[in-house]
Amino acid sequence: MRIVFVGPPGAGKGTQSARLVDYLSIPHISSGDMLRAEIEAGSETGKQVEQFLSAGKLVPDQLMVSLVAARLIQPDCASGYLLDGFPRTAPQAEALDEILTAAGRAVDIVLEMKVPESILVERVLSRAAQSDSPRSDDNEATVHDRFETYRNSTEPILGYYRKRGICHEIEGVGTMEEVTERIHRVVDKYRLKSG
Ligand code: AMP
């Protein structure tokens, strides 16, 4: 199953993604983790993307697409994966489609986490306050920038997936278990339907 997980910063997408990949035994492909790994490794790509990440800005599409494309051809991705944080822009969604179509495949399910923005800002800032090593992009100005970016660049791609009837809204307010349950209901239904 090829899943795209979309949600605003602080919606709990990372935690729920980790649970879902366990449940389905598929690889978790987090674009943010991939970029942070590049920075940590001190690679050429890492040097190019560092400024974008610390400013809470999106890295250039072409760079992101080539990183993800290289990951998707790894053997562990053959029977599915969960994309967490990618695609985040219309050009990335189009590029993903081209990659998949060329391989005779398609995105099966898009999960959209829904959490009111006021709750989200609170969550991201309290995560930063509680952490011993807060992420450099978890400060108030950057959080607002990341929301802006989500609304302007990422939300529009959902329309594209909705038209295909593959987008499922997940109510993100509730306990971790409740949210996991809602997600399982969606993927279980898909599995039943597709045999
Ligand atoms: P995340 O861990 O998903 O919140 O991503 C952290 C940061 O990595 C973002 O604020 C962006 O700077 C960058 N990033 C992650 N995924 C993408 C993407 N698909 N396109 C562009 N930039 C990204």
Side-chain angles (χ1 to χ4, degrees), residues 2-21 27-73 77 81-100 107 110-115 117 119-128 130-131 133-161 167 170 172:
R2 281 167 289 274
I3 302 174
V4 168
F5 211 142
V6 181
K13 189 164 55 73
T15 311
Q16 293 296 340
S17 293
R19 293 184 145 210
L20 185 55
V21 296
H28 181 187
I29 303 178
S30 155
S31 52
D33 284 353
M34 286 173 77
L35 294 168
R36 284 184 286 272
E38 293 287 338
I39 294 173
E40 211 141 292
S43 71
E44 209 34 62
T45 304
K47 285 178 199 143
Q48 284 176 41
V49 301
E50 204 162 5
Q51 306 293 330
F52 293 98
L53 263 83
S54 51
K57 292 196 163 27
L58 295 181
V59 309
D61 286 329
Q62 222 177 353
L63 197 153
M64 194 69 245
V65 168
S66 56
L67 267 182
V68 172
R71 179 67 187 88
L72 296 185
I73 55 173
C77 290
Y81 40 79
L82 183 150
L83 283 169
D84 170 8
F86 180 94
R88 245 181 168 94
T89 64
Q92 291 180 15
E94 284 156 21
L96 176 64
D97 258 0
E98 276 171 31
I99 293 167
L100 289 174
V107 172
V110 177
L111 300 171
E112 179 198 359
M113 287 276 272
K114 300 282 268 191
V115 180
E117 185 163 336
I119 295 182
L120 290 172
V121 174
E122 221 171 275
R123 275 196 204 167
V124 178
L125 295 178
S126 80
R127 176 173 83 188
Q130 282 165 17
S131 168
S133 52
R135 283 169 37 165
S136 59
D137 58 355
D138 277 351
N139 59 67
E140 191 152 4
T142 308
V143 167
H144 286 292
D145 275 359
R146 282 156 63 204
F147 274 117
E148 257 321 271
T149 308
Y150 181 75
R151 262 194 308 269
N152 297 336
S153 305
T154 309
E155 265 183 1
I157 70 173
L158 291 166
Y160 174 80
Y161 290 125
C167 192
I170 305 292

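As the structure is a computational prediction, the values presented were derived from the model and not from experiment. Atoms within a ligand are numbered from 1 in the order they appear, just like the ligands themselves.
Annotation for Gln62: atom CD does not count as buried by contact number, only 12 or fewer foreign heavy atoms lying within 6.0 Å.
Atom 15 (C) of ligand 1 has its nearest heavy-atom neighbour, among Glu50, Arg146, Arg88, Lys57, in Arg88. When the heavy atoms of Pro8, Gly56, Pro9, Ser31 are ranked by distance to atom 17 (C) of ligand 1, first place goes to Ser31.
A salt bridge (Lys or Arg N to Asp or Glu O under 4.0 Å) check over residues 7-21, counting only residues at least two apart or in different chains, returns the pairs Lys13-Asp84, Arg19-Glu177.
Glu117 is linked by a salt bridge (charged side-chain N to carboxylate O under 4.0 Å, His left out) to Arg151, counting only residues two or more places apart in sequence or in another chain.
With respect to the salt-bridge test (charged N to carboxylate O, under 4.0 angstrom), the residues Glu112 and Lys114 qualify.
Between Gly85 and ligand 1, a contact under 3.5 Å exists for at least one N or O pair.
A side-chain donor-acceptor contact under 3.5 Å links Gln92 to the backbone of Arg88.
If you run side-chain contact (heavy atoms from CB on, under 4.5 Å) between Val4 and each of Ile157, Leu158, Val107, Leu111, only Val107 comes through.
Ligand 1 places these atoms under 4.0 Å from at least one heavy atom of Val59: 21 (C), 22 (N). For ligand 1, the atoms closer than 4.0 angstrom to any heavy atom of Arg36 are 2 (O), 6 (C). Near Gln92, meaning under 4.0 Å from any of its heavy atoms, are these atoms of ligand 1: 18 (C), 19 (N), 20 (N), 21 (C). Taking a cut-off of under 4.0 Å to the non-hydrogen atoms of Leu35, the atoms of ligand 1 that pass are 8 (O), 13 (C), 14 (N), 15 (C), 23 (C).
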